[in-house]
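The structure appears right after this line, and notes come after that.
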Amino acid sequence: GNDYVDSYLTAGLGCHQVHHLLPFQRSAFANVYSKGIVEEECRKMGVAFTPPRWFLAHRLPKIFKVYALSASKPSQPSVLVELSDLEALCHTVTYIRDGFAGVGSL
């Protein structure tokens with residue numbers, strides 16, 4: 001993947017391993033830039049340097065499976081049953097409406 005896109009999509013955590021070696025860099029993009037140098041130095045010293053995983057292909061599907069496809073209530077057998085619950089749907093619509101209107105507004 002593209003390290004710069006991954007850093008943007010992961011809020012700077014895509015190339016986080018470089019941050020542990022160079023903690024005073026205040027930018028994820030500096031970590032991406034430094035990754036090649038760190039990788040080269042690790043190779044010289046005989047230290048294993050595993051490349052970061054691509055966010056869109058490796059991490060996002062796992063995150064989606066764990067968070068989006070699992071029921072939020074232990075009493076619900078699946079996310080489909082939970083999504084088809086009329087009371088939960090009405091609560092969601094009310095929550096969205098109140099958000100647009102401004103919570104606590106007149």
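Along the sequence shown, residues are numbered consecutively beginning with 1. Values below: every heavy atom of this structure, side chains too, minus hydrogens, waters and symmetry copies.
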- Task: Using salt bridge (Lys or Arg N to Asp or Glu O under 4.0 Å) as the criterion, list what pairs up with Lys44, not counting sequence neighbours.
- Result: Glu40, Glu41
- Task: Check side chain to side chain contact (heavy atoms under 4.5 Å, CB included) between Phe29 and all other residues, then give those that pass, not counting sequence neighbours.
- Result: Tyr4, Ser7, Ser27
- ILVMFWY cluster membership beyond Phe100 - transitive side-chain contacts under 4.5 angstrom: Ile96
- Give me the other members of the hydrophobic cluster that Leu22 sits in, counting Ile, Leu, Val, Met, Phe, Trp and Tyr linked by side-chain heavy atoms under 4.5 Å, directly or via other members. Val18, Leu21, Val38, Phe49
- Query: Any side-chain hydrogen bond (donor to acceptor under 3.5 Å, both in side chains) pairs touching residues 88-97, not counting sequence neighbours?
  - Reply: none
- Query: What do the steps show when you test Glu39 against Lys35 for salt bridge (Lys or Arg N to Asp or Glu O under 4.0 Å), and what is the final call?
  - Reply: CA-CA 6 Å; Glu39 186 175 6; Lys35 184 183 83 164; 5.3 Å; no
